[in-house]
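Everything on this sheet refers to the single structure shown next.
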Amino acid sequence: MKILVVGSGGREHALVWKIAKSDKATQILAAPGSAAIAELATCHNIPVSDLEALTELAKTEAVDLVVVGPENPLCDGLADKLRDAGIAVFGPSKAASMLETSKAFAKDFYARHNVPTARYGIFSDAAEAKAFLGQFTPPYVLKADGLAAGKGVVIPTTREEAEAEIDEFLSGKFGDASKTLVIEEFMQGEEVSIFALSDGKTVMFCGAAQDHKRVGEGDTGLNTGGMGAYSPAPIATDELVETAMRTIIEPVARGLASEDAPFQGVLFAGLMVTDEGPKTVEFNIRFGDPECQVLMSRIDSDLLPYLLACANSTLADMPPLAWSDRPAITVVMAANGYPGSYKKGTIINGVDEANAMQGVTVFEAGTARDSAGSRTAAGGRVLNVTATGENLHYAVDRAYAGVDTIDWPEGFCRRDIAWRALKRH
């Protein structure tokens, strides 16, 4: 099979790495790909926003399956264009992608389909939004309606702070994404991510993980796209997963199908484990980044037939995915200053040495190669140092040994990834 992977980050590097292990993958293309992905695939320099050119590439190259990594092209309708051209695609339609495109749509959708979630209100008027705060006690949860690269959530701890944030959101803190604002009741509990493959009719559990969104140790500081992740998550017991699949993920998949938007791809449920059971924080319509990196490291099955089954609506014919019992962890190395402004072009050494370590794989999220062939930093989140081990302690030790092998003075990482799970051990 000839496969095209759309995207260029650490998630896509992990997807290409996993697909490349399949005997069925004879050729892998990537668009735009990256210097790291180019070691496993033929890269075509087409931005993910150019839906016409991506569709044309898939047609010209007669690819058997397109796997779309990031959310933006899906939310813009890439999967629809590909399906219209008769090309199999792992990734939902524009209509099904509304779950992630609009938090306001998603909250109303959960209400329509009795999916447990926090109480909420949707506002574009500041005075109404501020009045609504009176329904809750602090802290408050404020979310930009639209896509904001995983950063569009603020949790003010006082009413005064919340009112100031409302003004900022509605006056363009996140551009058009925050012209509409969702205010939610704060849910007490522990967050967990549960993934499920879906072919529009059938859903299949595809792993659980926990990530670390805050930039600082102890989960402090600004929100980021994610500073690390680990899988399995001890909180995701068999019982919790069964409840989440039955009360949240299956109703969401059924609900989308009933609204003529069958979901073909991966459903990524961000859940809060509360005293009343799991509740929905949000749904994303693609693999998490960096959760994908740990899931790909733990799936023992050949993933490619499952991706194809989602595209062809034949997931019911597939056995459950087989998993390694070895935990996996990924530590994000980011450029100093991230998630604020940071410098690009700094030299990174030692990645090959880290990759040579037992159980360590470095996925490259934002790197390039300079004229001398050296790795350079080309983004905010730059490397995903990923490791597996007999238990979580071993995996964590290996990942940080990998980090310490990398020589990049202009980068940093959190030193406490997986602290919640380690505390449980």
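Side chains included, hydrogens not; waters and symmetry mates left out as well; all remaining heavy atoms used.
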- Nearest-0.5 Å distance that lies between atom CG in L142 and atom CD in E168: 10.5 Å

- Query: Around D84, counting heavy atoms of other residues, nucleotides and ligands shown, do more than 12 lie under 6.0 Å from its CG?
  - Reply: yes

- Give a yes or no on whether the backbone of K2 and the side-chain of Q27 come within a donor-acceptor separation of less than 3.5 Å. no

- Item | Donor-acceptor pair between Y306 and D199 side chains, under 3.5 angstrom | no

- Task: Would you check, one step at a time, whether the test side-chain hydrogen bond (donor to acceptor under 3.5 Å, both in side chains) holds for S102 with D145?
- Result: CA-CA 5 Å; S102 166; D145 172 46; 2.7 Å; yes

- Item | Salt bridge present between R420 and D219 (N-O < 4.0 angstrom) | yes

- May I ask you to check whether over 12 heavy atoms, not counting those of K173, lie within 6.0 Å of atom NZ? yes

- Query: Do H212 side-chain atoms and G226 backbone N/O form a donor-acceptor pair below 3.5 Å?
  - Reply: no

- Message: Using only atom types and a distance under 3.5 Å, with no angle test, would you say the side chain of S301 pairs donor to acceptor with the backbone of L303?
- Response: no

- Whether T367 side chain and E364 backbone form a donor-acceptor pair below 3.5 Å: no

- Establish, yes or no, whether a centroid distance under 6.0 Å links the rings of F123 and F132. yes

- Message: Distance check, rounded to the nearest 0.5 Å: Y110 atom OH versus L99 atom CG?
- Response: 5.5 Å

- Message: Applying the side chain to side chain donor-acceptor pair (under 3.5 Å) criterion to T117, which one of K107, K279, E185, E184 satisfies it?
- Response: K107

- Item | Short side-chain to backbone donor-acceptor contact, D407 and G350, under 3.5 Å | no

- Task: Say whether S22 and D302, considering side chains only, have a donor N or O and an acceptor N or O under 3.5 Å apart.
- Result: yes

- Note on the structure: On a heavy-atom basis, the closest approach of A354 and G402 is CB-O, 3.7 Å

- Message: Does any part of the side chain of L315, heavy atoms only, come nearer than 4.5 Å to the side chain of S198, both counted from C-beta?
- Response: no

- Query: Are F186 and I155 close enough that some pair of their side-chain heavy atoms sits under 4.5 Å apart?
  - Reply: yes

- Message: Under a 3.5 Å distance rule, please check whether E12 uses its side chain to pair with a backbone N or O of G9 as donor and acceptor.
- Response: yes

- Do F283 and V252 touch side chain to side chain, with heavy atoms closer than 4.5 Å? yes

- Salt-bridge present (R415, D404; N to O < 4.0 Å): yes

- Query: What do the steps show when you test L304 against L65 for side-chain contact (heavy atoms from CB on, under 4.5 Å), and what is the final call?
  - Reply: CA-CA 9 Å; L304 186 51; L65 177 68; 3.9 Å; yes

- Message: Do the side chains of R83 and D80 get close enough for a salt bridge, i.e. N-O under 4.0 angstrom?
- Response: no

- Under 3.5 Å, is there a donor-acceptor pair between the E410 and N336 side chains? no

- Pairs satisfying salt bridge (Lys or Arg N to Asp or Glu O under 4.0 Å), at least one member in residues 327-336, at least two apart: none

- Message: Would you say that more than 12 heavy atoms from the other residues, nucleotides or ligands in this model lie under 6.0 Å from the NZ of K18, or not?
- Response: yes

- Task: Find the distance between CG (L51) and CG (L82) and round it off to the nearest 0.5 Å.
- Result: 8.5 Å

- Item | L271 side chain reached by V273 side chain, heavy atoms, under 4.5 Å | no

- If you measure only the distance, is there a donor-acceptor pair under 3.5 Å linking the side chains of E353 and N349? no

- More than 12 heavy atoms from other groups under 6.0 Å of CZ on F412: yes

- Task: Apply the test salt bridge (charged side-chain N to carboxylate O under 4.0 Å, His left out) to residues R375 and D370: give CA-CA distance (whole Å), side-chain angles for both, the deciding distance (0.1 Å), then the verdict.
- Result: CA-CA 7 Å; R375 265 185 194 84; D370 66 12; over 6 Å; no

- Is it true that E71 and R286 make a salt bridge, defined as a side-chain N closer than 4.0 Å to a carboxylate O? yes

- Query: Does a side-chain heavy-atom distance below 4.5 Å link F263 with I285?
  - Reply: yes

- Task: Heavy atoms only: give me the nearest A261-A95 pair and the separation to one decimal.
- Result: CB-CB, 3.8 Å

- Item | Polar side-chain atom of K24 near backbone of P305 as donor-acceptor pair, under 3.5 Å | no

- Query: Do S324 and D300 have side-chain atoms, one donor and one acceptor, less than 3.5 Å apart?
  - Reply: no

- In Å and rounded to the nearest 0.5 Å, what is the NE2 to CD distance from H44 to E61? 4.5 Å

- Query: Does some side-chain heavy atom of S258 sit less than 4.5 Å from a side-chain heavy atom of R254?
  - Reply: no

- Rounded distance (nearest 0.5 Å) linking atom CG of L181 with atom CD1 of I183: 4.5 Å

- Query: So, do C75 and K94 sit near enough that their side-chain heavy atoms are less than 4.5 Å apart?
  - Reply: no

- Message: Restricting to ring-ring contact (aromatic ring centres under 6.0 Å, His included), what partner residues turn up for H113, sequence neighbours left out?
- Response: F109

- Quiz item: cation-pi between R112 and F105, 6.0 Å / 45°: yes

- Task: Please name the pair of heavy atoms, one in E250 and one in V203, separated by the smallest distance, quoted to 0.1 Å.
- Result: CG-CG2, 3.4 Å

- Message: Would the distance check show the side chain of T42 and the main-chain N or O of A38 forming a donor-acceptor pair, the cut-off being under 3.5 Å?
- Response: no

- Query: Salt bridge or not for R11 and E291, using N-O below 4.0 Å?
  - Reply: no

- Item | Rounded distance (nearest 0.5 Å) linking atom OG1 of T243 with atom CE of M245 | 11.5 Å

- Any donor-acceptor pair under 3.5 Å linking the side chain of N72 with the backbone of V48? no

- Item | Side-chain H-bond candidate by donor/acceptor type, Q210 with E190, under 3.5 Å | yes

- Do the rings of F363 and W17 sit parallel, tilted or perpendicular, given the 30° and 60° boundaries? perpendicular

- side-chain contact (heavy atoms from CB on, under 4.5 Å) between L147 and E100: does it pass, once the steps are laid out? CA-CA 7 Å; L147 296 178; E100 182 165 358; 3.7 Å; yes

- Query: Stepwise, does the side-chain contact (heavy atoms from CB on, under 4.5 Å) test hold for V385 with I406?
  - Reply: CA-CA 10 Å; V385 184; I406 293 166; 3.8 Å; yes

- Message: Looking at R214 and E191, is there a salt bridge between them, counting it only when a charged N and a carboxylate O are closer than 4.0 Å?
- Response: no

- Message: Measuring centre to centre across the rings, with the benzene-like ring taken for any Trp, is F169 within less than 6.0 Å of F174?
- Response: yes

- Q293: which of T330, T386, N384 passes side chain to side chain donor-acceptor pair (under 3.5 Å): N384

- Message: Is there a side-chain contact (heavy atoms from CB on, under 4.5 Å) between N284 and E282? Walk through the geometry before answering.
- Response: CA-CA 7 Å; N284 295 316; E282 65 178 6; 3.6 Å; yes

- Please determine, by modelled atom types, if S231 and R298 share a side-chain donor-acceptor pair under 3.5 angstrom. yes

- Taking T314 for the side chain and D317 for the main chain, is one N or O donor matched with an acceptor at less than 3.5 Å? no

- Message: Measuring only between side-chain heavy atoms, which start at C-beta, is I37 closer than 4.5 Å to C43?
- Response: yes

